[in-house]
Structure formats: structure tokens, C-alpha cells
Participant: 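The structure under discussion is supplied below as C-alpha cells; questions concerning it will follow.
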Amino acid sequence: MKVRVRFAPSPTGGLHLGGVRTILYNYLFAHHHGGEFVIRIEDTDRNRFVEGAEQYIMECLTWCGLEPDESPVKGGPFAPYRQSERKDLYRQYADQLVASGHAYYAFDTPEELENMRKEHRKDEYSAAQYDSRTRLLMRNSLTLSAEETQQLIADGTPHVIRIKIPENTTVTLTDMIRGEVSFDSSLVDDKVLMKADGMPTYHLAVVVDDCLMEITHAFRGEEWLPSAPIHVLLWEYLGWKDKMPQWVHLPLILKPDGNGKLSKRDGDRLGFPVFAMNWTDPKTGDVNMGFKEMGFLPQAFVNMLAVLGWNDGTEQEVMSMDELISKFSIDRVHKGGAKFDFEKAKWFNHQYIQQTDDATLAALSRPFIEANGVNPGEELLLKVIPLIKDRCTLLSDFWTQGHFFFATPELKEKAAITAKWNDTKVQFFTEWAASLTNITDWTEQALEESFNELAATIGLKKGEVMLPLRIMLVGGKYGPGVFAIAEVIGMEETVKRVNSALVEIAG
RNA sequence: GGCGCGUUGGUCAAUCGGCUAAGACGCCUCCCUUUCACGGAGGAAUGACGGGUUCGACUCCCGUACGUGCUACCA
């Protein structure tokens with residue numbers, strides 16, 4: 001049987017790290033087995049629907065290089081791939097369940113439900129849920145006569161369809177990561193399958209669509225494990241038990257500090273992104289930073305995520321997509337949740353920047369450089385990149401580490417010069433700047449030679465004037481070799497920076 | 001509260017009964033570098049706890065603790 005997996009996001013906002021990792025594992029698994037990976041949009045909740053979220057999710061997939069085989073935009077043999085467009089499909093299955101006695105109509109108002117919960121919260125069974133012990137106290141087709149039920153429905157009374165969970169049976173399922181997991185059905189409540197607005201809930205929709213779309217392996221976050229028995233029962237009641245997918249409940253990605261599931265607020269609080277790409281909330285206008293915009297390479301981002309909760313058992317951590325596909329296996333996925341480590345994420349990005357060729361880096365880093373109002377020529381950029389790439393962790397570092405190649409810097413660390421400044425040094429720099437116009441061979445080596453000679457002539461140690469020169473050219477105590485910098489920025493600019501620094505120090 | 005799941009250095013983790021417990025990130029020291037990084041060489045740092053089973057347990061079993069998830073007409 002052909003492997004078919006799906007990722008089924010709700011279009012409610014930014015695409016979270018955990019979501020991307022679930023997509024990744026789906027993708028790796030599908031490709032490893034020569035199967036198919038489909039995207040299905042679970043937009044059954046009208047209240048939480050966010051305009052633009054679906055398109056955003058698809059853009060994130062493209063950026064990550066995790067293209068699905070079937071999706072709402074791409075189409076496919078099981079279209080449509082949006083649950084809102086499949087709305088009419090679900091009703092018949094819900095009705096089938098009612099007919100077979102596995103589900104029932106419920107007419108309770110939100111107030112009635114609230115009262116029931118409040119009352120039962122205090123009694124001996126603290127669960128306070130709509131289940132075998134309380135369903136007979138409520139207004140539903142189990143407590144109402146068939147006529148009354150028909151009448152209420154005919155009158156258009158708002159109602160839902162609930163699954164009738166059996167009493168005292170054990171529901172067991174096999175999870176590919178955790179093995180056998182069992183639940184006492186008495187502790188599971190009669191979840192709503194069809195909402196009053198005619199939309200199915202996740203529980204019904206996921207089972208129906210997974211069956212209809214011939215999904216063989218269902219990957220999802222561990223937070224779904226507690227509701228898995230409902231799904232297992234549904235597969236059984238619908239008569240599809242032999243087609244039920246293998247379950248794969250993935251461990252959660254946790255906050256780096258403290259405990260708990262990583263949330264978008266942790267990113268804001270700790271200063272790192274949790275979304276793949278920038279997400280702008282259309283209502284509030286708030287922008288949440290994405291890994292892409294922070295300067296991550298998609299390959300690094302994906303690699304980092306792949307090994308957060310999975311490894312191939314060797315010491316290798318940096319792996320290409322092809323390697324990930326061939327090595328991936330579910331039995332090497334960890335059971336426990338993993339705390340997200342932004343430092344490690346940056347380390348991966350640094351690794352990928354080092355192994356990316358300069359022309360590609362030029363194209364990738366250009367937007368981050370131009371965002372600062374400069375527009376370097378390609379030739380210049382290509383000279384700068386090899387000089388600074390090994391000190392760049394994020395693409396944005398090509399600006400922070402190389403801005404002085406593109407624009408005259410401010411003397412931010414002037415104090416480091418003035419602390420040990422004297423007339424001899426003034427003389428040295430004045431003469432050196434003047435002598436530069438005579439250099440015919442404008443190379444790093446020639447520049448250093450002339451610098452050394454003059455220092456010796458004037459009686460200064462090279463070390464005394466190296467740092468001042470660096471600050472004059474760079475503005476601070478960092479960057480590649482000073483003479484290499486001078487070579488790249490050219491004679492005119494070098495002379496200009498030394499002379500204006502002299503003026504600024506004197507003033 | 002109930003139920004589920006989990007627990008190897010600060011973090012990601014290897015180990016599938018023989019351990020003097022890999023490796024990576026981060027941290028510290030030194031080297032390289034008349035800057036800052038990169039790089040190189042070292043270093044500190046680990047089996048939640050208690051019982052079993054076993055010649056032998058980080059590995060298997062039970063309990064406890066802790067953590068976490070769920071407990072909506074949200075997914």
C-alpha cells in the first residue's frame with residue numbers, strides 16, 4: 001500500500017516551529033517511502049478563521065522546501081482539500097452514526113451545558129463532562145422521544161450531534177512512537193461531532209477525511225493523544241477499522257527556559273522567532289518575526305528542526321534534505337519533548353552559511369544589506385563576502401559585519417584611539433594618508449608594507465597604530481584584516497577615512 | 001482534581017543488560033589572530049528517587065516524585 005500522509009493546519013495564524021517540524025516529519029516519511037504528502041486545510045471553525053493564514057502557510061512550505069504533492073492550491077485526486085469546501089460530505093457520516101446508535105442529537109444550550117458542568121464539578125466524579133453518567137440528564141435524542149426529537153429538528157432548533165462513547169470499555173491503540181496506549185472509555189466524553197452551524201468538529205472531519213483521502217500514517221502533536229480514543233472509536237463505528245492509519249503522536253517542542261509548550265509569546269519574551277516566516281496579525285497589525293526574516297537559511301532551519309527530537313544514531317548533525325529523507329525513521333523519534341535552543345539553531349545557520357557559495361550568499365544577503373539604505377555593486381559584494389562570511393551567523397550579519405565596506409562608518413569606538421593619542425601618532429597618520437596616493441600597487445600587502453615602514457621610520461611600534469587604523473576604517477574593534485579592508489574600499493576612501501578621523505579626533 | 005504521556009550533563013542527545021556513560025550546542029582555559037570572530041587544543045558538567053529482577057541495570061519491572069498535555073459546538 002502506498003504511504004500517504006497529511007498535515008492539516010488550521011488557518012488561524014502564524015506557522016509555529018512545532019508545526020513546521022510536523023510537516024517536516026510528514027515530508028521525510030513520505031519521501032523515504034516513496035509516498036505522498038498532502039496538505040489539507042482544517043478551517044471548520046469560522047470564529048478562528050484568519051484571512052491570509054492559509055496562503056501564508058503555503059508560503060512557509062515553499063520557503064522551507066517542503067512542497068506537498070496535493071494541496072488546496074495544487075489540487076489532486078482527493079480535492080477539495082479545504083474542509084469548509086467539503087462541508088456537505090460530513091453530514092451523511094454523522095447521520096450514519098446516529099442511525100447505528102453510535103451518536104445522538106443534543107439540543108442543550110450553552111447555559112445548560114455550563115450548569116451541568118458547574119454542578120458536576122463538585123460531585124464525586126470530578127470530570128464534569130457530557131458522558132454516560134450525565135447524558136441522560138440532558139436534552140438529547142436519548143432522553144427525548146423520537147417524536148419530540150423529530151419535531152425539534154423540524155422546527156429548526158439548534159442542535160449538535162454527539163458521539164455516544166460506550167461505558168467501561170478499554171480503547172487501545174498503537175502509537176508508532178509510544179507503543180500501546182490504553183484509555184478507559186468511561187473517562188472520555190461525548191464529544192460534539194457536528195456543530196450547530198452544520199460544520200463538523202475536528203474529531204469527525206479528521207476521521208472522515210483521513211479515510212477518504214486514504215491516509216496511511218497520521219502524524220500529529222502529542223497534545224492529540226488524549227482524544228485519540230474518540231478517533232479510534234469513530235473509525236470503528238464508521239466501519240472503517242481496517243483502513244485506520246497508523247498513529248504517530250510527535251513529542252512537543254518546549255520553551256527553552258522553564259517548562260511548557262513553546263508559544264509565540266516565548267519568542268517575544270526571549271528574543272527569537274517561533275514562526276517560520278514573519279506573520280502579521282491582520283486584526284492588530286502586530287508583526288511576529290520569522291526565522292526567514294531574521295536571516296536563517298531554510299536548509300539550516302529545516303536541519304535544526306529535524307534533529308530536535310530525532311537523530312540518526314550517528315554523530316552527524318548537519319544533513320542535507322536528501323540525507324534526511326534517506327535516514328529518517330519514526331523509531332528514532334524521541335518520546336520526550338525537547339526544549340528549543342536558539343543558540344543551537346544559530347550554530348546550524350553558521351554551518352550552512354560556511355558551506356554556501358559566495359554568489360548565493362550575495363543574493364541572499366543583499367536584502368539584509370539594502371534594508372539599511374545602501375546598494376552595493378555585485379562586484380564589491382562578491383569581494384566582501386569571503387572576507388566576512390566566517391564571522392556571520394545570520395544573513396543579517398553580512399550587514400553588521402560588513403557595513404563599513406558599503407558606507408563610511410561612524411567612529412563609535414573613538415575613545416579607544418583618544419585614550420592613547422599623541423602628536424607622533426598624528427604625524428604618522430597624516431604622513432601615511434598622504435603617502436597612499438603614491439602607492440601604485442594597491443594591495444593588502446603593499447599597504448601593510450608602507451604602514452610598517454613608516455611606523456619604523458617615525459619610531460612607533462606597529463601595535464600602537466594598528467588599532468587606531470582599524471577604528472578609523474571600521475569604526476570599532478572588529479572585522480577582517482585592516483589592510484584587506486583598505487584594499488577593498490580603495491585608496492580614495494581609505495585616505496578620506498583616515499583624514500576625517502584625524503579631524504574628528506583633533507576636534 | 002481526573003486521565004494520558006514523559007524523565008541520561010544547563011540544552012539537544014548516543015546507549016537497545018557489561019559504562020572507565022559518545023558526540024554536538026553553550027560555558028571556561030590555552031593557542032592562532034598586533035581587532036573581533038572563525039579555527040585548533042584542552043576542561044568543568046549527566047543516569048529524578050526508592051524498591052525489585054539479574055552474576056551484572058542508565059538500560060527490564062513496580063512504586064514515588066517531578067514535568068507536561070488534554071479535560072470547548074478550538075484545532
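Reminder, nothing fancy here: chain letters follow the sequence lines and each chain counts from 1. Atoms considered below: every heavy atom in the structure, side chains included; atoms not considered: hydrogens, waters and symmetry mates.
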Participant: Answer yes when A:K191 and A:D189 have at least one side-chain N-carboxylate O distance shorter than 4.0 Å, and no when they do not.
Facilitator: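 Answer for the salt bridge query: yes.
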Participant: What is the distance from CZ of A:R133 to P of B:rC3, rounded to the nearest Å?
Facilitator: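 Going from A:R133 (CZ) to B:rC3 (P), I get 13 Å.
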Participant: Quick one: does A:H231's side chain get under 4.5 Å of A:D210's, heavy atoms only?
Facilitator: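 No, their side chains stay 4.5 Å or more apart.
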Participant: Between A:F219 and A:H217, what is the ring plane arrangement, given parallel below 30°, perpendicular above 60°, and tilted in between?
Facilitator: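 It falls in the tilted class, 30° to 60°.
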Participant: How is A:G260 classified with respect to the nucleic acid when contacts are heavy atoms under 4.0 Å: base, sugar-phosphate, or nothing?
Facilitator: sugar-phosphate
Participant: Under 3.5 Å, which N/O atoms of the protein pair with N/O atoms of nucleotides 4-6 of chain B?
Facilitator:
residue, atom, partner, partner atom, Å
B:rC5, O2', A:R178, NH1, 2.8
B:rC5, O2', A:E222, OE2, 2.5

Participant: Using a cut-off of 6.0 Å, state whether more than 12 heavy atoms not belonging to A:K264 lie near its atom NZ.
Facilitator: no
Participant: Just do the ring pair (Phe, Tyr, Trp, His ring centres under 6.0 Å) check on A:F398 and A:F405 with the steps written out, would you?
Facilitator: CA-CA 10 Å; A:F398 282 95; A:F405 285 108; over 10 Å; no
Participant: Any side-chain heavy atom of A:V50 sitting closer than 4.5 Å to one from A:Y56?
Facilitator: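 The answer is no; the side chains never approach within 4.5 Å.
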Participant: Over how many whole Å does the gap from A:Y202 atom OH to B:rA75 atom P extend?
Facilitator: 10 Å
Participant: Measure from the side chain of A:T201, starting at C-beta and using heavy atoms only, and say which of B:rC74, B:rA72, B:rG23 lies closest.
Facilitator: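 Nearest to the side chain of A:T201 among the choices is B:rC74.
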Participant: From the set B:rU35, B:rC74, B:rA72, return the single nucleotide nearest to any side-chain atom of A:R48.
Facilitator: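 Of the candidates, B:rC74 comes closest.
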Participant: Give a yes or no answer on whether the side chain of A:N311 reaches the backbone of A:E317 with a donor-acceptor pair at less than 3.5 Å.
Facilitator: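 Checked: no pair found.
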Participant: What distance, rounded to whole Å, do you find between the two P atoms, one in B:rG23 and one in B:rA14?
Facilitator: 15 Å
Participant: Rounded to the nearest Å, what distance is computed from the CG atom of residue A:L254 to the P atom of nucleotide B:rU7?
Facilitator: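 Interatomic distance, CG of A:L254 to P of B:rU7: 12 Å.
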Participant: By the 4.0 Å heavy-atom rule, please label A:P480 as base, sugar-phosphate, or nothing.
Facilitator: base
Participant: Looking at every strand, decide which applies to A:A338 at a 4.0 Å heavy-atom threshold: base, sugar-phosphate, or nothing.
Facilitator: sugar-phosphate
Participant: So, applying salt bridge (charged side-chain N to carboxylate O under 4.0 Å, His left out) with A:E222, which one of A:R178, A:K335, A:R21 is it?
Facilitator: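 Testing each of A:R178, A:K335, A:R21 against A:E222, the sole residue satisfying salt bridge (charged side-chain N to carboxylate O under 4.0 Å, His left out) is A:R178.
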Participant: When the C1' atoms of B:rA57 and B:rC25 are compared, how many Å lie between them, rounded to an integer?
Facilitator: 30 Å
Participant: If you assign each of A:K461 and A:L113 to its closest nucleotide in RNA chain B, which residue comes earlier from the 5' end?
Facilitator: A:K461
Participant: Give the residues of residues 305-312 of chain A touching RNA chain B, defined as any heavy atom closer than 4.0 Å, sorted by residue number.
Facilitator: A:V307, A:L308, A:G309, A:N311
Participant: Is it the case that atom NZ in A:K389 sees more than 12 heavy atoms from other parts of the structure closer than 6.0 Å?
Facilitator: yes
Participant: For A:Q92, does the CD atom have more than 12 heavy-atom neighbours from other residues, nucleotides or ligands under 6.0 Å away?
Facilitator: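 More than 12 within 6.0 Å, yes.
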Participant: Which part of the nucleic acid, if any, lies within contact of A:K389, taking any heavy atom under 4.0 Å across all strands shown: a base, the sugar-phosphate backbone alone, or nothing?
Facilitator: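 Nothing, no nucleic acid heavy atom in range.
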Participant: Please state how far atom NZ in A:K346 lies from atom C1' in B:rC38, giving the value in whole angstrom units.
Facilitator: 16 Å
Participant: What is the nucleic acid contact for A:K339, judged by heavy atoms within less than 4.0 Å: base, sugar-phosphate only, or nothing?
Facilitator: sugar-phosphate
Participant: Would you please confirm or rule out a distance under 4.0 Å between OP1 or OP2 of B:rC74 and any side-chain N or O of A:T44?
Facilitator: no
Participant: Assign A:I471 to base, sugar-phosphate, or nothing according to its heavy-atom contacts below 4.0 angstrom with the strands shown.
Facilitator: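 Contact class for A:I471: none.
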Participant: Is RNA chain B part of any stem, that is, at least 3 consecutive Watson-Crick or G-U pairs with both distances under 3.5 Å, and where?
Facilitator: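 Looking at RNA chain B, the stems formed by three or more consecutive pairs are B:1-7 with B:65-71, B:10-12 with B:23-25, B:27-31 with B:39-43, B:48-52 with B:60-64.
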Participant: Could you tell me if the ring centre of A:Y104 sits under 6.0 Å from that of A:H159?
Facilitator: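 No, the ring of A:Y104 stays outside the 6.0 Å limit from the ring of A:H159, centre to centre.
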Participant: Rounded to whole angstrom, note down the C1' distance from B:rU46 over to B:rC5.
Facilitator: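 My reading of the C1' atoms in B:rU46 and B:rC5 gives 23 Å.
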Participant: Heavy atoms, side chains only, cut-off 4.5 Å: are A:F107 and A:T149 in contact?
Facilitator: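 Yes - at least one pair of side-chain heavy atoms lies under 4.5 Å apart.
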Participant: Could you give the distance separating B:rU7 and B:rG47 at their C1' atoms, to the nearest angstrom?
Facilitator: 10 Å
Participant: Assess the pair A:Y25 and A:F328: is the distance between their ring centroids shorter than 6.0 Å?
Facilitator: yes
Participant: Which whole-number value in Å describes the distance from A:K255 NZ to B:rG69 P?
Facilitator: 8 Å
Participant: Classify the ring geometry between A:F429 and A:W421 as parallel (under 30°), tilted (30 to 60°) or perpendicular (over 60°).
Facilitator: parallel
Participant: Return the set of residues passing side chain to side chain donor-acceptor pair (under 3.5 Å) with A:Y478 (not counting sequence neighbours), or none when no residue passes.
Facilitator: A:H403
Participant: What interatomic distance, in whole Å, is found between P of B:rC28 and the corresponding atom of B:rC36?
Facilitator: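 To the nearest whole Å, 15 Å.
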Participant: Pick the nucleotide of RNA chain B nearest each of A:F340 and A:A106; which residue has the one closer to the 5' end?
Facilitator: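 So the residue in question is A:F340.
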Participant: Could you list, one pair per line, each protein nitrogen or oxygen that sits under 3.5 Å from a nitrogen or oxygen of nucleotides 26-30 of chain B, together with the distance?
Facilitator:
none

Participant: Roughly, in whole Å, what's the span from CZ in A:F7 to C1' in B:rA75?
Facilitator: 11 Å
Participant: If you take any heavy atom closer than 4.0 Å to RNA chain B, which residues from residues 158-167 of chain A end up in contact?
Facilitator: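 Here the set is A:V160, A:R162.
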Participant: Classify A:H334 by what it touches in the nucleic acid, base, sugar-phosphate, or nothing, heavy-atom distance under 4.0 Å.
Facilitator: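 Sugar-phosphate: the residue A:H334, judged by heavy atoms under 4.0 Å, touches backbone atoms but no base.
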Participant: Between B:rC74, B:rA72, B:rA37, which nucleotide has the shortest distance from any of its atoms to the side chain of A:D45?
Facilitator: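 So the nucleotide nearest the side chain must be B:rC74.
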Participant: Rounded to whole Å, how long is the line connecting atom CD1 of A:I230 with atom P of B:rG69?
Facilitator: 19 Å
Participant: Can you check the distance between B:rC62 and B:rG1, where both ends of the measurement are the C1' atom (answer in whole Å)?
Facilitator: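 Taking atom C1' in both B:rC62 and B:rG1, they lie 25 Å apart.
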Participant: Report yes if the side chains of A:R162 and A:V192 come closer than 4.5 Å at any heavy-atom pair, otherwise no.
Facilitator: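 Counting from C-beta outward, A:R162 and A:V192 do come under 4.5 Å.
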Participant: I need the NE2-C1' distance between A:H249 and B:rU68, as an integer number of Å.
Facilitator: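 Going from A:H249 (NE2) to B:rU68 (C1'), I get 16 Å.
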Participant: Would you say a side-chain N or O of A:K195 is under 4.0 Å from OP1 or OP2 of B:rA72?
Facilitator: no
Participant: When the P atoms of B:rG2 and B:rU8 are compared, how many Å lie between them, rounded to an integer?
Facilitator: 25 Å
Participant: May I ask you to check whether A:Y237 and A:Y93 place their ring centres under 6.0 Å from each other?
Facilitator: no
Participant: Is there side-chain contact between A:F183 and A:T170, with at least one heavy-atom pair below 4.5 Å?
Facilitator: no
Participant: Taking B:rC32 as the reference, what is the distance to B:rG40 when you measure between their C1' atoms (whole Å, please)?
Facilitator: 8 Å
Participant: So, does A:R220 get its side chain near the phosphate of B:rG69, meaning an N or O under 4.0 Å from OP1 or OP2?
Facilitator: no
Participant: Quick one: does A:T143's side chain have a donor or acceptor within less than 3.5 Å of a partner on A:M138's backbone?
Facilitator: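 Yes, the answer is positive, given that a donor and an acceptor are paired below the 3.5 Å cut-off.
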